[in-house]
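Everything below concerns the one structure shown next.
Whatever order the structure lists ligands and atoms in, that order sets their numbers, starting from 1.
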Amino acid sequence: MADWKFATKTIQCGYTPGDGEARIMPIVQSTTYKYDNAQSVAELFDLKREGFFYTRLANPTVDAFEKKMAALENGVAAVALSAGQTANAFAILNIAECGDHVLANAGLYGGTVSLFSNTLKKYGVEVEFFPQDITRDELAKLVRPNTKAIFAESLANPALIVADFELLADVAHANGIPLIVDNTFPTPYLCNPFDFGADIVTHATTKYIDGHATSVGGIVIEKGGFNWNNGKFPGLCEPDESYHGLTYIKDFPACPYSVKLRAQYVRDMGIPMMPFNAFLSNLGLETLHVRMDRHCENAQKLAEFLQNHPKVAWVKYPGLPGDPGYALAQKYLKGASGVLCFGAKGGKAAGERVMNALKLAAIVVHVADVRTGVLHPASMTHRQLSDSELVAAGISPELVRVSVGIEDIDDIIADFDQALAQA
Ligand SMILES: *Cc1c(COP(=O)(O)O)cnc(C)c1O
C-alpha cells in the first residue's frame, strides 16, 4: 500500500472491506459502540488496544478518512477535526502553552491571523509574524528559548506566496522545534511538505480535499520521527497525569504528537470531525488528483487571459513566469493550484463592478471547490484585519480573489471578458 502511486491511494487507502462488507466505507452514525465485557472497554480507555469507544475520540468513518489523508501526505497518523481553524489551533496548542512563543509567516489566511493574534494571545501563546522574504539569519535571530514551532502556509491564502520550506525547516530543526505547514491550497497532490522538512501538516479539508463545498473540516497530520525529547516539549516526554501517567513518546513512539492531540485536546475540548462530513470529504477526495490538474490548467489560462487584458492592472498567480512566487512554486509545487488574484484598473470600485457583473462566477465566501467563485478579501474574509495587517497579509484594497473552478475554461474566460467590458 505504501508504494501505491498517489491516484491509487486517493481511491483505495483508508478502508478495506472484508468478505461481504460494504464496498464503500459506510457512515457509522453512532456515538457509541458495544462490547462483550468490561475488560475490553478498559483496555480501550487505557489506549492499550485500538478500537472505538466514543465518537468524540474516534469513529470508523472518520478513521478511514484520517488513514487516507495520512497516506497521501506520507505521514504516520492524522487527527480529523471539525474545521481547518480547529486543526491549526490544536496543532499549535498541542506543543505551545502559556508563556510560549511561535513564529509564523505573514500573509496567512485571515482566520488564522485572527486565531494567532487574538485568541492564542489570550491563552498566553505569543505568535510573532515574520515577513515572507526573511533570510535564514534573520529568522534564526527571532527564535527564542521559549519558541515552540515555526508555522507557515505552503501557498498563502490569499497572498499566494509560496513558503521557502527548506529555509524554514533548517532554522526550525537547528533549534529543535518542528515546522508546521498548512498545506490547504496545494493539497497533497501538488505538494508534500514532509519531503521538504515539515514535521506537522494541517489542512482545511473544507477546501480542495472535499472540493465540492459541502463539508467544513480540518486535519492534523504527523510525519513521525521528530525528536521531541530535547527539553522543550515536556508535555510529550513527561507522564501525563490527566491520562494516568502515560508518556506519549514512550508509549506511542511512532506518533506521540497525534496521540497527545487526540487524548488531551479532542478529549477535553471536543470539536472532532463528524462521520457524515468524513464520508463526504472522503468522497470528494477520491477525485482530488483529477480535479487538481484541471484547477491548475484553468487557473493558468485565466491568469494569462487577465494578464493580457487592457482593463486589468495586475495579476498574481505563482504559475506565471515573472510572478515573485514562480521560482519557489517551480521548486516546491507540482502545480500552482486554482486560486489567483487580480486588481482591475480603477481600483476597488472597478473590482467591485467586475464582481457584480460576473454571471457564471459567483460571489462566495469560499475557495477551492469545483465552481468558479470570486471574493473581495478586504471587505469579506479579511474584514477583521487592520489596515497594517492587510498590508502584511499582502492584500491591497482592490484585490479580487478568484477560485477557478473546473467548468469549461472557455466559459470562464467569456464570463470575465464580458464582466471586464462593463467595468
Ligand atoms: C479556509 C482555510 C482555513 C480555515 O478552515 P475552515 O475549515 O474554514 O475553518 C485555514 N487555512 C487556510 C489556508 C484556509 O484556506
(request) Distance to 0.1 Å, residue and atom name: give those for the protein heavy atom nearest to atom 4 (C) of ligand 1. (result) Tyr109 CE2, 3.4 Å
(request) Can you sort out which atoms of ligand 1 are near Val216, meaning under 4.0 Å from one of its heavy atoms? (result) 7 (O)
(request) Just need the protein heavy atom nearest to atom 9 (O) of ligand 1, so name the residue and atom and give the distance. (result) Gln85 N, 2.9 Å
(request) Looking only at protein heavy atoms, identify the closest one to atom 7 (O) of ligand 1 and say how far it is in Å. (result) Thr206 OG1, 2.6 Å
(request) Check whether NZ of the Lys or CZ of the Arg Lys359 lies under 6.0 Å from the centre of the six-membered ring of Phe416 and within 45 degrees of that ring's axis. (result) no
(message) Minimum distance, heavy atoms only, to atom 5 (O) of ligand 1: which one of Ala87, Ala204, Gly217, Ser154 is it?
(response) Ala204
(message) Distance under 4.0 Å to a non-hydrogen atom of Lys207: what atoms of ligand 1 satisfy this?
(response) 1 (C), 2 (C), 3 (C), 14 (C), 15 (O)
(request) Ignoring angles and geometry beyond distance, decide whether Glu153 reaches within less than 3.5 Å of ligand 1 through its nitrogen or oxygen atoms. (result) no
(request) Can you measure from CZ (Phe194) to CD1 (Ile200) and round to the nearest 0.5 angstrom? (result) 6.5 Å
(request) Compute the shortest N/O to N/O distance between Gly84 and ligand 1 and return yes if it is under 3.5 Å, no if not. (result) yes
(request) Find all atoms of ligand 1 within a distance of less than 4.0 Å from any non-hydrogen atom belonging to Thr184, and give their numbers and elements. (result) 12 (C), 13 (C), 15 (O)
(request) Sort and list the pairs that fulfil side chain to side chain donor-acceptor pair (under 3.5 Å) and have at least one residue in residues 391-400, not counting sequence neighbours. (result) Trp314-Glu398, Ser396-Glu398
(message) Tell me if the centroids of the rings in Phe226 and Tyr257 come within less than 6.0 Å of each other.
(response) no
(request) If you have a sec, work out which protein heavy atom is nearest atom 12 (C) of ligand 1 and how many Å separate them, to one decimal? (result) Asp182 OD2, 3.5 Å
(message) Just checking Phe53 against Tyr33, ring centres under 6.0 Å apart?
(response) no
(request) Answer yes if the ring centres of Tyr332 and Phe196 are under 6.0 angstrom apart, and no otherwise. (result) yes
(request) Heavy atoms only: give me the nearest Ile95-Pro178 pair and the separation to one decimal. (result) CD1-CG, 3.6 Å
